Asks: 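What follows is a structure written as structure tokens; I'll ask about it next.
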Protein chains: 2
Amino acid sequence: MPTIRDIARKSGYSVSTVSRVLNQQKYVSDAAKEAIEAVIKQLDYVPNSLARDLSFGQNKNIGVVLPHNDHPYFNQLLNGIMDAAFSSGYHIVLLPSEYNRTVERDYLEQLKRKNFTALIFTSHELPLAVLEDYTRYGQIVCCENPGQHHISAVYSNREPAYLAAFNYLKSLEVQQIGLLLSRNLAKSPTWVAVTGAYQQIFHQKPDQQLMIGGMRSFEDGYRAAEQLIARQPALNCYFTNGDDIAAGVRQYHLDHQLPVPILIGQEKQLSSLLLKMPTIDHHFFTLGQKAFELALSNQHHECAFESEFIRP
Amino acid sequence: MPTIRDIARKSGYSVSTVSRVLNQQKYVSDAAKEAIEAVIKQLDYVPNSLARDLSFGQNKNIGVVLPHNDHPYFNQLLNGIMDAAFSSGYHIVLLPSEYNRTVERDYLEQLKRKNFTALIFTSHELPLAVLEDYTRYGQIVCCENPGQHHISAVYSNREPAYLAAFNYLKSLEVQQIGLLLSRNLAKSPTWVAVTGAYQQIFHQKPDQQLMIGGMRSFEDGYRAAEQLIARQPALNCYFTNGDDIAAGVRQYHLDHQLPVPILIGQEKQLSSLLLKMPTIDHHFFTLGQKAFELALSNQHHECAFESEFIRP
DNA sequence: ATGAAAGCGCTAACAT
DNA sequence: ATGTTAGCGCTTTCAT
């Protein structure tokens, strides 16, 4: 592989002049430019990125930490990130965390080693204080409200949409509501927000027996319906964390000659459109785009969107 | 940020000794090791990856070229790749190509610049000869039968499963079959394989009017059913390129009081399990794992699997 | 077991 | 406009 020195020697110019034409800088005569470019073409030369990165002190990689990639939340967010990254010259590195703190910590250490220019946490198990601590080594963006922590963030304010959704169900005079949620943790922000909104509207806590977490797919919804119906045969209303999950619930009802239930989806997947059910749009794609934007910035930013309750 | 020289100075040892303890090499006295590690901890030092990569002549990034990420084919393949990469110390860089040759060419050039150690093409628009040409700059793995081309490859032999599927439909004495396929190109390998198998079993070409390409999702299946039923109201059998697509078709039939059709899915998504329909497992996850393995190897390998027709 | 020094290939400050 | 050279921070050969 020829190096910049080879080009310099063969063209009769110096390395700095070659470097100048490579980087399209000023102060290069047409003659020099032409001669050098000829040699470059002749020797089939391309500059070495590793050397360039070392010299520049950083590479063009943005790490994206995500626990797994089979939930629309991560898919849509990632698509937004990719979309924004596409024409930027930056690369997206996929960093699976599996909700493991040690793994997350390792990625932070890699940021310190300059393996990435910035890190986007689509979700995190580590305390925000830890993330904050690493911001001195590179930009870090998280996807939730960082509260007091000095971390760049993009997130959607979910409460209003949740309130609207429960209000809608209240107006339908439903008796019981199955709550299908994402994480299994009662302390997760989503869980808290949903139960909070529920209480505000119905003036009581949701029935623990009708709550299930860990929902990711159509299949999960199907099985959840099975479980909940066993506990409460008359159940015919579900608030779910995804359109596909709702579709699974619906399928279970259909398959077992139960009346089609009242459903609320989330993520605004196209299935909600087809099944004509209400959904909640958290604007994850847009969030992803914004997250990437913040990752490139070196200032602190917080960017809040508003989730939207959508009736068919 | 402290460098290896700082550690050397402060510990009283030389740079090379420090390097030895960093890389856990032999020939370091316990005293030296201890002293050096103390200083490392004290100064909160970590080695710089950029410098390391330059010195080593390559980084630990594997680029994965994929046209888009909303088809289970790519998702499952990617999951397999990620799974294999997870504990390897290598990173997966997502390289969206959008079926664009110029973009693909650019990724190949980046391989040449040593921006990646290897490249996996889950799909490619560029001729295989071009990919082959770039193998001198790093390992390249493609996900189809490379034929005469000297490129490492993983793929699944689809024909037997297609034959089995059509045989199954024949045994059911279906009159017409809607064919829902992936790409819109009549020359794509899949298209050729499917129509070939069809002809072998039914001794005639499939009806062009009942073929639709570009299927990616539940929604696509739903709309395709709509179109095909308009052309052929009695249609009640579909061979599809995905379980979700089949699910969409089924939904259309249900929503329009049409009898539930005979369906064959693909990709062995869980929906086929729930909907109790036959499917074809191309083992994409396994393929992905293998693709990553080959990416790390510097020899030429080809690895063929066998697709599997699965009856519920 | 330890150290000195020569790269790795490029950028950029400085000199001419 | 062009050239010289000192880094960037690490690994590795070759001495000792």
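Just so we're on the same page: letters track the sequence lines, and every chain starts at 1. Everything quoted here is computed from the prediction, not taken from an experiment. Below, each value reflects all heavy atoms present in this structure, side chains not excepted, and no hydrogens, waters or symmetry copies.
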Asks: Can a donor-acceptor pair be found, under 3.5 Å and without considering hydrogens, that links the side chain of Y107(B) to the backbone of P96(B)?
Replies: yes
Asks: Apply side-chain hydrogen bond (donor to acceptor under 3.5 Å, both in side chains) to E34(B) and list each qualifying residue two or more places apart in sequence or on a separate chain.
Replies: none
Asks: Any base atoms under 4.0 Å from A32(B), or only sugar-phosphate, or nothing? Heavy atoms, all strands.
Replies: sugar-phosphate
Asks: Rounded to the Å, how far apart are L54(B) CG and dC8(D) P?
Replies: 14 Å
Asks: Distance check needed: dG3(D) P versus Y27(A) OH, whole Å only.
Replies: 17 Å
Asks: Listed by chain and number, what are the ring-ring contact (aromatic ring centres under 6.0 Å, His included) partners of H150(A), not counting sequence neighbours?
Replies: H300(A)
Asks: Partners of F285(B) by ring-ring contact (aromatic ring centres under 6.0 Å, His included), sequence neighbours excluded?
Replies: none
Asks: What is the distance, to the nearest angstrom, from the OH atom on Y13(B) to the C1' atom on dT2(C)?
Replies: 9 Å
Asks: Summarise protein proximity over nucleotides 10-16 of chain C in one line of letters, 5' to 3': B for base, S for sugar-phosphate only, - for none, counting protein heavy atoms closer than 4.0 Å.
Replies: BSB----
Asks: Nearest whole Å is fine: how far is dC10(D) P from R113(A) CZ?
Replies: 10 Å
Asks: Can you tell me the distance, in whole Å, between the CG atom of D53(B) and the C1' atom of dG9(D)?
Replies: 11 Å
Asks: Whole-Å distance between dT2(C) P and K26(B) NZ?
Replies: 14 Å
Asks: Aromatic rings H282(A) and F284(A): how do their planes relate, parallel, tilted or perpendicular, breaks at 30° and 60°?
Replies: tilted
Asks: I want to check one thing: is the phosphate of dA1(C), taken as OP1 and OP2, less than 4.0 Å away from some side-chain N or O of S29(B)?
Replies: no
Asks: Rounded to whole angstrom units, what separation is found between the NZ atom of K33(A) and the P atom of dA1(D)?
Replies: 13 Å
Asks: Test of understanding: with side-chain hydrogen bond (donor to acceptor under 3.5 Å, both in side chains), list the residues that count as partners of K290(B), not counting sequence neighbours.
Replies: E293(B)
Asks: List the atom of R20(B), the atom of Y27(B), and the distance in Å for their closest heavy-atom pair.
Replies: CD-O, 4.0 Å
Asks: Treating Q289(B) as the side-chain partner and D83(B) as the backbone partner, does any N or O pair qualify as donor plus acceptor under 3.5 Å?
Replies: no
Asks: How sharply is the helix from dA1(C)-dT16(D) to dT16(C)-dA1(D) bent, taking the axes over five pairs at either end and rounding to 10 degrees?
Replies: 40°
Asks: Just the rounded figure in Å: distance from P of dA4(C) to CZ of R9(B).
Replies: 13 Å
Asks: Among dG3(C), dA1(D), dT4(D), which is the nearest nucleotide to the side chain of S14(A)?
Replies: dT4(D)
Asks: Please name the pair of heavy atoms, one in L131(A) and one in I140(A), separated by the smallest distance, quoted to 0.1 Å.
Replies: O-CD1, 3.4 Å
